[in-house]
K.L.:
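Once you've had a glance at the structure underneath, I'll fire off some questions.
Throughout, protein chains are lettered first and strands after them, A, B, ... in sequence-line order, and every chain is numbered starting at 1.
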Number of protein chains: 2
Amino acid sequence: MTTASAGPDRGDFAKDNYSDSLFPREIKSTLTHLRDIGEQHVDSSVKVRAWIQNTQMQGKKMAFVELREEGSWSIQGLVVAGTDVSREIVKWVGSLNLESFVSVEATVKRPLGLVKSCYVTNYELHLSKVFCKAPAPEVLGLSLVAVNKAAICVDEEEVVDSIENLTVKVLVVPGASLATYISNPVIYKRTPVAQAISDVRIAVRKLFTKYIDVRDFNLFEPPCLIGTASEGGTEVFTLPYFGKRAYLVQSVQFYKQIEIAGGRKKVYSIGPSFRAENSNTWRHLTEFFVIDLETKIENHYHKVIYLLEDLLLYIFRQLEVHVYLKEVRISFANSQKLLRKEGPIEFRNVSDDKDISTPQEKTDFYIINKFLESARPFYAIPDPENPAVTNTFDFFIRSQEILSSGQRIYYPVVLEDRIRAKGIDPSSLGIKEYLDIFKSAGVPLYSGRGIGLDRVVAWYLALPTVHLAAYYPRTPKRLLL
Amino acid sequence: MTTASAGPDRGDFAKDNYSDSLFPREIKSTLTHLRDIGEQHVDSSVKVRAWIQNTQMQGKKMAFVELREEGSWSIQGLVVAGTDVSREIVKWVGSLNLESFVSVEATVKRPLGLVKSCYVTNYELHLSKVFCKAPAPEVLGLSLVAVNKAAICVDEEEVVDSIENLTVKVLVVPGASLATYISNPVIYKRTPVAQAISDVRIAVRKLFTKYIDVRDFNLFEPPCLIGTASEGGTEVFTLPYFGKRAYLVQSVQFYKQIEIAGGRKKVYSIGPSFRAENSNTWRHLTEFFVIDLETKIENHYHKVIYLLEDLLLYIFRQLEVHVYLKEVRISFANSQKLLRKEGPIEFRNVSDDKDISTPQEKTDFYIINKFLESARPFYAIPDPENPAVTNTFDFFIRSQEILSSGQRIYYPVVLEDRIRAKGIDPSSLGIKEYLDIFKSAGVPLYSGRGIGLDRVVAWYLALPTVHLAAYYPRTPKRLLL
């Protein structure tokens, strides 16, 4: 089979100790992760697999090479010509393209002083073998040095691309625009901040599941492809479907109520919803991730408010104490400069050591209850003690709505009356299907709501745009990366 | 506000003890679930919320009423005219439409003999108050008696609808066709078998997550809307997207490899994929649910086979021992007749007490390794010791493929050579984007694969069609329910 051209000079006495090829020699030492390196490894030989974050020749006999694993973990490596290490390997390592992936054999040593440029400051690696497993190109689309800086511009309309396609050896590199960061995911995702945002997002999902599972909610899976626009909604994506029209789901409400009508007491789902809205703002996505739940109301709908409030406070507090967030916190502390520049107005003067990751609960997380009947849709149940208002409520983080909910009318005759009272034809597309569920068999009273995962993560972390909270943000202009 | 018409005769001395309305009187007794009723409740008053499964008048002074909660839980209720219970309430309860949802106050009693028609056999409820919270129509689209029987026909093309729109009081009811069951989800989902299938499906998801989370895999969220057909695939759904064309994701491979290239060691996702294939068979869905994972290979790709094998065996074995599955097992034991009729050939003669829920591991779950180079796509890595075969493998349950996987080529030069060798243009749509990831920065070697959740559940349970394993099966002809 074809293999890539090997770099080393074949006359070199240490030629078996370095190469780039699809199937290089195996290294026998124990594979060790940077986060695990400790006193027990000093003067021992280890195998490390990592990206090359930086290289620097020091004369012809020595090369420095920064190696990086997942997250912030980086360590200083040295290649020094001597008995086992040839000058050729030193030169070869010094010329490796940044962000290439290598497998190395090295002896762990204590450095002369703390290595301030790396995350691991109290150990360094003296490399004896270096195999390039996956080479990066000579010129990267975006350098890691640039993407680790604050973005020049967060407005995605205004792309500032002046620094793209720079070689990464330039020492002073400005940042790029946010759009450039997101368009270069392979590099952007290698930054500690990008990985920390993802870690928080997944922690929110897992904490939600943990909280809700012990309360006997049933996970279910609503479809994305549907045969009628959700609740007669506009701004829906449509597509041809075997001679018919299909729609992308905007709200899973219809399917949640089939689940409840179908005999479940409490249900939840986690998945995408879609909205064909041509809004190019920092708050909008065309494909967004919704955590949705629905529960029978045993007594009063206020129990649902308490449940949702308790759930969100549980998530925020657990994010604080969760052990693995130590690393996320460090990543964010490293990025205070980014927040000062890009975060909301209240963070423009934040100091490097201030913890900004948690909303102040009393002011930054609040609930509004009992909206006016005229301000809510036909399905909102009127307050039996004051029909001018409805049993509805909204939740906010940092003044941004994250969920809008309430108790829904389940009694078929009343529901049809309300639909007419709002001037809607009960036989119109989407409305008829909604009403039919309640007519088809006894459907008990219930309430619940979707929580936008993208917005919860963005506003919790005080990010400048919801696009930074999504894995692959979908906007009217962004569809591939 | 408008309320529904109340049923009771207002001259009745017990008129406050029954009604149907949106806001009925509250019952003060403690809300009790049928699964929790025990000796401590005998002669005590409880509140129960349930569906009416059956009613039968016994003269003018007594009515039997079967009440059902989630899953199989049902209990016999009696309304007997006496000091506190009027003849009017007896008559009213006896005339309630089946599958209405009620809230009742009752005294728990020991029945004269075991109640064989209900799941709870050793207690019964003597009702004193009955409020109809959500009424069912007089005529259901499909009766629960019918849907609890084996389907007449599993071929969805051939709809046997003769029994639809029967009133439910008919004593001998034939089954309906599977298409009718799925088209009446509110009734179908109330059956113990439908809920048991969902329980197994969700257990598979949760066991997968539990297994993979402790092994340091990172959950991520690939998009559904993409800007180019996955890996240049055909049979893709396309839709207009703000003046451009969008596609629905067929495979998350592209995004998995961005995650690995972006610095993660191990990733997984759980979500929908789409295929616009006009296949109307028991094995096909147009929207299907995929559990996908990808991991760096530290040494040999066989480790990935061992991981996937160990993962699936863990799931199958845990499903066996998992405590809550006791109820699922009982549901399935109750439905052996259904399996005899609809299951694969080997279950045609299964006895009622045989446990058929587990595949025999040695014969029903197996792996095929090292496929010929000519039989696999361009990205399959050749075996370094025998380039005629590739480092690829397939997994099977009951002779049906559930995953097809292998190690992928990551070295850009080699990958481009292989694309050309297979007669594909490396600059063609989808292929170029795939190749560009590997060229953009060093991407380490990795392997992994998607596992079709629908198929794993269907073949594990030996269901006659994958449509029964999905929450809302999507086929060329099925798009709303």
K.L.:
Measure the spacing between CD of Q195(B) and OH of Y188(B) and express it to the nearest 0.5 Å.
P.N.:
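Result: 10.5 Å between the selected atoms.
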K.L.:
Mark yes when over 12 heavy atoms from residues, nucleotides or ligands other than K432(B) sit less than 6.0 Å from its NZ; otherwise mark no.
P.N.:
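Count not over threshold, so no.
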K.L.:
Measure from NZ or CZ of K265(A) to the centre of the six-membered ring of F101(B) and say whether it is under 6.0 Å with the direction within 45° of the ring axis.
P.N.:
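K265(A) over F101(B) ring: no.
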K.L.:
Against chain A, work out which of R418(B), E433(B), E277(B) has the most heavy-atom pairs shorter than 4.5 Å and name it.
P.N.:
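Answer, by heavy-atom pair count under 4.5 Å with chain A: E277(B).
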K.L.:
Do side-chain atoms of R264(A) reach the backbone of K256(A) as a donor and acceptor pair under 3.5 angstrom?
P.N.:
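Absent.
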K.L.:
Can you tell me which of A136(B), G227(B), G262(B) forms the most heavy-atom pairs within a distance under 4.5 Å of chain A?
P.N.:
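The residue among A136(B), G227(B), G262(B) with the greatest pair count is G262(B).
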K.L.:
Name the region of Q257(A), side chain, backbone, both or neither, that has any atom closer than 4.5 Å to a heavy atom of chain B.
P.N.:
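The answer is neither part of Q257(A).
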K.L.:
Is chain A contacted by the side chain of L453(B), its backbone, both, or neither, given a heavy-atom distance below 4.5 Å?
P.N.:
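The side chain, not the backbone.
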K.L.:
Which one, P476(B), P137(B), G243(B), leads in non-hydrogen pairs under 4.5 Å with chain A?
P.N.:
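Most pairs with chain A among the choices: P476(B).
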K.L.:
Can you tell me which portion of P135(B) sits under 4.5 Å from chain A's heavy atoms? Options are side chain, backbone, both or neither.
P.N.:
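Its backbone and side chain both get close to chain A.
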K.L.:
Only pairs of heavy atoms separated by less than 4.5 Å count here; which of T191(A), I258(A), N97(A), I52(A) has the most with chain B?
P.N.:
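The candidate making the most pairs under 4.5 Å is I258(A).
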K.L.:
Could you look at N218(B) and say if it's the side chain, the backbone, both or neither that has a heavy atom under 4.5 Å from chain A?
P.N.:
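Just its side chain gets close to chain A.
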K.L.:
Which one of K244(A), K439(A), E259(A) has the most heavy-atom pairs closer than 4.5 Å to chain B?
P.N.:
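Of the candidates given, the most pairs with chain B belong to E259(A).
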K.L.:
If you count heavy-atom pairs within less than 4.5 Å of chain B, which of S100(A), P223(A), S103(A) leads?
P.N.:
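If we count pairs closer than 4.5 Å to chain B, P223(A) comes out on top.
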K.L.:
Decide, yes or no, whether a salt bridge links R478(B) with E287(B) under the criterion of side-chain N to carboxylate O below 4.0 Å.
P.N.:
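E287(B) and R478(B): not salt-bridged.
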K.L.:
Counting only heavy atoms closer than 4.5 Å, note whether P272(A) contacts chain B via side chain, backbone, both or neither.
P.N.:
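For P272(A), the side chain is the part near chain B, not the backbone.
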K.L.:
Please rank V102(B), T238(B), L225(B) by heavy-atom pairs under 4.5 Å with chain A and give me the top one.
P.N.:
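It is L225(B).
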K.L.:
Which answer fits R68(A), side chain, backbone, both or neither, if we ask what part of it has an atom under 4.5 Å from a heavy atom of chain B?
P.N.:
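R68(A) has no heavy atom closer than 4.5 Å to chain B.
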K.L.:
Ring centres of F237(A) and Y241(B) under 6.0 Å apart?
P.N.:
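Here the rings of Y241(B) and F237(A) have centres that are less than 6.0 Å from each other.
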K.L.:
For chain A, find which of V186(B), L239(B), T286(B), N278(B) contributes the most heavy-atom pairs closer than 4.5 angstrom.
P.N.:
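Looking at each of V186(B), L239(B), T286(B), N278(B) in turn, V186(B) comes out on top.
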K.L.:
Which value, rounded to the nearest 0.5 Å, describes the distance between R474(A) atom CZ and C224(B) atom SG?
P.N.:
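Result: 9.5 Å between the selected atoms.
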K.L.:
Is T475(B) reaching over with its side chain to a backbone N or O of P473(B), donor-acceptor style, under 3.5 angstrom?
P.N.:
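Side chain of T475(B) to backbone of P473(B), a donor-acceptor pair under 3.5 Å: no, none is there.
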K.L.:
Which one wins on heavy-atom pair count under 4.5 Å against chain B: K189(A), E99(A), R190(A)?
P.N.:
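Option with the top pair count is R190(A).
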K.L.:
Given that the side chain runs from C-beta out, which part of S440(B) has a heavy atom under 4.5 Å from chain A: side chain, backbone, both or neither?
P.N.:
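Both parts, backbone and side chain.
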K.L.:
Kindly say whether A194(B) contributes a backbone atom to a donor-acceptor pair with the side chain of S198(B) at under 3.5 angstrom?
P.N.:
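It does hold such a pair.
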K.L.:
Sort out for me which of A246(A), P185(A), A261(A) touches chain B most, counting heavy-atom pairs under 4.5 Å.
P.N.:
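Of the candidates given, the most pairs with chain B belong to A261(A).
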K.L.:
Report the distance from atom CG of L415(B) to atom CZ of R420(B), rounding to the nearest 0.5 Å.
P.N.:
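These two atoms lie 11.0 Å from each other.
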K.L.:
Using 0.5 Å steps for rounding, measure from the CD atom of E373(B) to the CG atom of D383(B).
P.N.:
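It comes to 12.0 Å.
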K.L.:
So which of T209(B), I437(B), D213(B) has the largest heavy-atom pair count under 4.5 angstrom toward chain A?
P.N.:
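Highest number of pairs under 4.5 Å: D213(B).
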K.L.:
Hey, does the side chain of D454(A) reach the backbone of F289(A) with a donor-acceptor pair shorter than 3.5 angstrom?
P.N.:
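Yes; judged by distance alone, with no hydrogens or angles, the pair exists.
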K.L.:
With a 4.5 angstrom heavy-atom cut-off, which part of I187(A) approaches chain B: side chain, backbone, both or neither?
P.N.:
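Only the side chain of I187(A) comes within 4.5 Å of chain B.
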K.L.:
Tell me, side chain or backbone of Y255(A) under 4.5 Å from chain B's heavy atoms, or both, or neither?
P.N.:
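For Y255(A), the contact with chain B is made by backbone and side chain together.
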